[in-house]
Asker: 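One structure, as structure tokens, below. Some questions next.
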Amino acid sequence: MDVSAVRAEFTLDWGVAHLNHGSFGAVPRRVQEAVTQARAAAERDFDAFFEDRLFADLERSRTALAAWLGWDPAGTVFTANATTALQTALAHLAPGPDDEVVTTTHEYDATGLALEVLAGRGVRIRRVPVAGLSATAAVSAVLDAVGPRTRAVLLSHVTSPWAELLPVEEAAAALAGSSTALVVDGAHGPGLVDTSRVTGQGAWYAATLHKWGHFPRGTGALFIPPGDRAGVRPLVTSWHAHAPTAPERFSWVGTTDIAPFLVTDAVREVHRTLAAAGARQRMRALTETVRRALHKLPGAEQIPGNSQTPAMAAVRLATSDGAGLKRALAARGVHLWAGATAEGTVVRASLASYVSDDDVYRALHALRELL
């Protein structure tokens with residue numbers, strides 16, 4: 001694959017080795033241009049744009065997103081990010097003092113803070129230890145913890161920062177038709193893994209779109225199961241709060257920059273270009289190269305659930321200063337994620353289609369020198 005042709009799609013500084021795509025993503029050039037064009041069209045006469053175009057354009061973009069993800073469009077809505085989507089689901093499920101939420105010890109920090117709020121209201125938060133478990137064993141342990149008081153199970157599709165790919169579709173199948181809802185944190189879902197196998201079994205799915213989805217930053221999506229669509233509301237009550245359908249209720253939650261949500265067609269064009277170039281296959285192969293190299297670093301400990309994760313490789317390291325390691329790598333022109341967890345320092349490489357063999361060599365060489 002010609003990496004230079006792929007890099008022409010992006011506007012990154014190629015003097016830096018960008019192996020931290022999983023944190024903030026990278027917006028392709030043509031998507032940036034599409035956002036600029038959408039914003040300019042609105043700014044020429046926003047009154048007319050609002051009355052004549054906005055909702056129709058948004059509906060077309062939303063249904064195109066649902067088609068790309070393989071989601072039922074009747075349950076697909078845009079949100080600002082996965083955090084907003086996830087908290088919307090939790091607000092709707094409204095667990096009370098007699099309820100519990102079952103999750104793992106490998107959830108994103110912001111999710112943990114949201115669960116602390118629920119705990120302050122008397123909800124029991126049951127965190128199942130999953131360190132050292134395979135991805136399948138982790139999900140099995142969570143399902144074993146479900147009881148009659150369990151209002152919801154909350155799982156990451158890909159954990160952060162451990163980069164474990166959990167078989168959340170197995171949890172969805174096990175919980176389908178029960179009184180326990182499954183809420184999936186899909187911050188690393190769209191564009192990286194198949195999310196339709198989960199939503200097709202009636203789970204909530206909170207998605208980030210700006211990572212491997214290649215949407216502009218500040219875009220996310222929420223899949224709402226059929227039985228919850230009549231009552232779910234956005235976190236912010238605005239003009240369409242009482243509209244008859246979920247997509248209508250989420251269409252306008254106050255004045256904001258709507259342009260980033262109108263560019264699904266441009267995003268899908270980018271994905272078609274990358275697919276034609278064989279980007280996904282190369283990215284998987286390069287990730288395996290990185291994973292094997294990380295396992296050989298001094299003091300490295302493998303993370304079992306990371307063994308099959310596409311585009312993300314992670315290990316635990318003996319070093320106690322993950323933040324310092326991240327800064328030292330950045331000073332050498334290498335972006336990787338490194339930081340502290342309750343189980344020690346984790347280093348994670350997140351690869352996108354624009355990563356070159358030289359980027360990988362440079363990052364691994366810097367890690368070896370620093371460790």
Side-chain angles (χ1 to χ4, degrees), residues 8-13 24-88 91 187 190-191 205-224 229-230 232-274:
E9 293 283 342
F10 296 89
T11 59
L12 292 165
D13 176 0
F24 303 109
V27 185
R29 186 188 307 274
R30 74 177 86 176
V31 176
Q32 295 180 43
E33 292 169 351
V35 172
T36 299
Q37 291 168 8
R39 191 174 290 123
E43 292 302 329
R44 279 193 290 271
D45 185 345
F46 197 86
D47 282 303
F49 179 80
F50 184 88
E51 295 294 336
D52 301 333
R53 286 187 52 184
L54 188 151
F55 292 98
D57 288 357
L58 185 63
E59 179 65 6
R60 280 191 292 272
S61 192
R62 186 189 66 80
T63 54
L65 171 69
W68 178 59
L69 294 174
W71 292 5
D72 177 1
T76 302
V77 299
F78 280 118
T79 63
N81 44 51
T83 301
T84 301
L86 187 144
Q87 293 189 30
T88 300
Y205 200 98
T208 291
L209 297 178
H210 70 254
K211 296 181 181 181
W212 283 273
H214 290 313
F215 274 75
R217 293 181 188 86
T219 55
L222 173 65
F223 181 81
I224 305 161
R229 292 170 190 170
V232 68
R233 297 287 186 275
L235 293 176
V236 175
T237 301
S238 191
W239 290 102
H240 297 274
H242 300 298
T245 70
E248 288 176 287
R249 291 193 292 275
F250 283 79
S251 64
W252 186 259
V253 290
T255 302
T256 188
D257 182 10
I258 204 73
F261 298 100
L262 302 179
V263 297
T264 303
D265 286 346
V267 169
R268 295 184 74 181
E269 287 177 8
V270 169
H271 282 281
R272 283 191 286 268
T273 298
L274 296 178

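If you read the sequence from its start, that first residue is 1, and numbering goes on from there.
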Asker: Looking at Pro260 and Val35, what are the two nearest heavy atoms and their distance?
Answerer: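 Closest pair (atom of Pro260, atom of Val35, distance): CA-CG2, 4.2 Å.
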Asker: Would you name the heavy atoms of Ala206 and Ala82 that are closest together and state the gap between them?
Answerer: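 Smallest interatomic distance, heavy atoms only, reads CB-O, 3.6 Å.
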Asker: For Asp57 and Arg60, run salt bridge (Lys or Arg N to Asp or Glu O under 4.0 Å): C-alpha distance rounded to whole Å, both residues' side-chain angles, the deciding distance at 0.1 Å, then the answer.
Answerer: CA-CA 5 Å; Asp57 288 357; Arg60 280 191 292 272; 2.3 Å; yes
Asker: Can you name the salt bridge (Lys or Arg N to Asp or Glu O under 4.0 Å) partners of Arg62, sequence neighbours left out?
Answerer: Glu59
Asker: Once salt bridge (Lys or Arg N to Asp or Glu O under 4.0 Å) is applied, do any residues pair with Arg29, and if so which ones, sequence neighbours excluded?
Answerer: none
Asker: Return the minimal non-hydrogen interatomic distance between Pro247 and Pro73, and the atom names on each side.
Answerer: CG-O, 4.0 Å
Asker: Check Thr11 against Gln32 and note the closest heavy-atom contact, atom names and distance.
Answerer: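 It is OG1-NE2, 3.0 Å.
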Asker: Could you state the interatomic distance from CG (Leu54) to CD1 (Ile258), rounded to the nearest 0.5 Å?
Answerer: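 Nearest 0.5 Å value for the CG-CD1 distance: 5.5 Å.
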Asker: Identify the two heavy atoms, one from Arg30 and one from Thr273, that lie closest to each other, and give their separation to 0.1 Å.
Answerer: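 Nearest heavy atoms, Arg30 then Thr273: NH2-OG1, 3.2 Å.
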Asker: Would the distance check show the side chain of Arg233 and the main-chain N or O of Ala241 forming a donor-acceptor pair, the cut-off being under 3.5 Å?
Answerer: yes
Asker: List the atom of Ser251, the atom of Phe55, and the distance in Å for their closest heavy-atom pair.
Answerer: OG-CE2, 3.7 Å
Asker: Report the C-alpha distance between Leu65 and Phe261 in whole Å, list the side-chain angles of each, state the deciding distance to 0.1 Å, and finish with yes or no for side chain to side chain contact (heavy atoms under 4.5 Å, CB included).
Answerer: CA-CA 10 Å; Leu65 171 69; Phe261 298 100; over 6 Å; no
Asker: How many angstroms lie between OG1 in Thr84 and CG in Leu86, if you round to the nearest 0.5 Å?
Answerer: 9.5 Å
Asker: Would you check if Val77 and Arg249 make a side-chain contact, meaning some heavy-atom pair closer than 4.5 Å?
Answerer: no
Asker: Walk me through whether Leu69 and Tyr205 qualify under side chain to side chain contact (heavy atoms under 4.5 Å, CB included).
Answerer: CA-CA 11 Å; Leu69 294 174; Tyr205 200 98; over 6 Å; no
Asker: Could you tell me whether the side chain of Glu9 and the main chain of Val270 form a donor-acceptor pair under 3.5 Å?
Answerer: no
Asker: Quick check: does any side chain N or O of Thr79 sit under 3.5 Å from a backbone N or O of Asn81, one acting as donor and the other as acceptor?
Answerer: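 Pair found, side chain donor or acceptor close to backbone of Asn81.
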Asker: Side chains of Phe78 and Leu209: closer than 4.5 Å at any heavy-atom pair?
Answerer: yes
Asker: Kindly state each residue pair satisfying salt bridge (charged side-chain N to carboxylate O under 4.0 Å, His left out) with at least one member in residues 253-264, sequence neighbours excluded.
Answerer: Arg39-Asp257
Asker: With a 3.5 Å cut-off and sequence neighbours excluded, list the donor-acceptor pairs that the side chains of residues 211-224 form with protein atoms.
Answerer:
{"from": "Lys211", "atom 1": "NZ", "to": "Gly22", "atom 2": "O", "distance (Å)": "3.0"}
{"from": "Trp212", "atom 1": "NE1", "to": "Leu351", "atom 2": "O", "distance (Å)": "3.2"}
{"from": "His214", "atom 1": "ND1", "to": "Ala26", "atom 2": "O", "distance (Å)": "3.2"}
{"from": "Arg217", "atom 1": "NE", "to": "Phe24", "atom 2": "O", "distance (Å)": "3.1"}
{"from": "Arg217", "atom 1": "NH2", "to": "Gly25", "atom 2": "O", "distance (Å)": "3.2"}
{"from": "Thr219", "atom 1": "OG1", "to": "Pro216", "atom 2": "O", "distance (Å)": "2.6"}

Asker: For the atom pair CZ (Arg53) and CG (Asp45), what is the distance rounded to the nearest 0.5 Å?
Answerer: 11.0 Å
Asker: For Thr264, check side chain to side chain donor-acceptor pair (under 3.5 Å) against everything at least two apart and list the hits.
Answerer: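 So Thr264 forms a side chain to side chain donor-acceptor pair (under 3.5 Å) with Ser61.
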Asker: Mind checking what makes side chain to side chain donor-acceptor pair (under 3.5 Å) contact with Glu269, not counting sequence neighbours?
Answerer: none
